Amino acid sequence: MNSIDKAFYVISLVLIGGLVLLAVLQAAGVLLLTDLGFPCSFRSVTGYFCPGCGGTHAVCALAAGDLAACAKEHAFVLYTAAGLSAYLLWNTLAILAKKRGSVKIPVMHFYTAYIYIGIAVVLIQWIVKNIVLVIHAA
């Protein structure tokens, strides 16, 4: 694993760990993640969704285990969670296999294409949400 992969591995571990902690706290009833009450200033001014609109609701839905609602609210959150989970799981298996000297599993590397795909997901979701908003307003 090179230094970028190691850094991305740690970031993945922290983000997925935080999401798991949110899910556990929500399931235990300690934390209620339904409506955090932060209005979008972009939408308040323009009437249109911003590229990040729905992100908080998507994280709440993901923490509750509702993947369909997460994808509907903001697909980027689901894309990120799935990508980080796959990266983390694959590289953890590769590290464990290397330590045990068993079957060699190649390391999954971080590529900037993952970021470009994420940007495309955000832009497509933003455009589609606003097209639907305009159609329903008419």
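Numbering of residues begins at 1 and proceeds along the displayed sequence. From a predicted model like this one, the values you see are computed outputs, not experimental measurements.
Screening residues 113-133 for side chain to side chain donor-acceptor pair (under 3.5 Å), with sequence neighbours left out, gives no hits. For the side chain to side chain donor-acceptor pair (under 3.5 Å) condition, the pairs that include at least one residue of residues 72-91, sequence neighbours left out, are D5-Y87.
The closest side-chain heavy-atom distance from V77 to H57 is not below 4.5 Å. When side chains are defined from C-beta on, L22 counts as touching V59, because their heavy atoms get closer than 4.5 Å.
Not counting sequence neighbours, the partners of Y9 by the side chain to side chain donor-acceptor pair (under 3.5 Å) test are T92. A search for side chain to side chain contact (heavy atoms under 4.5 Å, CB included) contacts involving A86 returns nothing, not counting sequence neighbours. Not counting sequence neighbours, the partners of I115 by the side chain to side chain contact (heavy atoms under 4.5 Å, CB included) test are F110, I119.
In terms of heavy atoms, A94 sits closest to P106 at CB-O, 4.2 Å. Listed here is the closest heavy atom pair of A61 and C70: CB-N, 3.6 Å.
Considering CZ of R43 and SG of C50, their distance stands at 9.5 Å, rounded to 0.5 Å. The distance from atom CG of L67 to atom CG of L78, rounded to the nearest 0.5 Å, is 6.0 Å. Rounding to the nearest 0.5 Å gives a distance of 9.5 Å between OG1 of T112 and CD1 of I4. The distance from the CG atom of L15 to the CG atom of L88 is 10.0 Å, given to the nearest 0.5 Å.
V103 shares a hydrophobic cluster with no other residue; no ILVMFWY side chain has heavy atoms under 4.5 Å from its own.
Both M108 and L89 are members of a single hydrophobic cluster when ILVMFWY side chains are connected at heavy-atom separations under 4.5 Å. Cluster membership check: L19 shares its hydrophobic cluster with L21, using side-chain heavy-atom separations under 4.5 Å among Ile, Leu, Val, Met, Phe, Trp and Tyr. Under the 4.5 Å side-chain heavy-atom criterion for ILVMFWY residues, a single connected hydrophobic cluster contains both L62 and L25. Residues I105 and I95 fall within the same hydrophobic cluster, defined by Ile, Leu, Val, Met, Phe, Trp and Tyr side chains chained together at heavy-atom separations under 4.5 Å. I127 and V132 fall into different hydrophobic clusters, defined by Ile, Leu, Val, Met, Phe, Trp and Tyr side-chain heavy atoms under 4.5 Å apart, directly or through other members.
With I131 as reference, I135 is the one residue of V128, L133, I135 to meet the side chain to side chain contact (heavy atoms under 4.5 Å, CB included) rule.
The environment of OH in Y48 is sparse: at most 12 heavy-atom neighbours from other residues, nucleotides or ligands sit within 6.0 Å.
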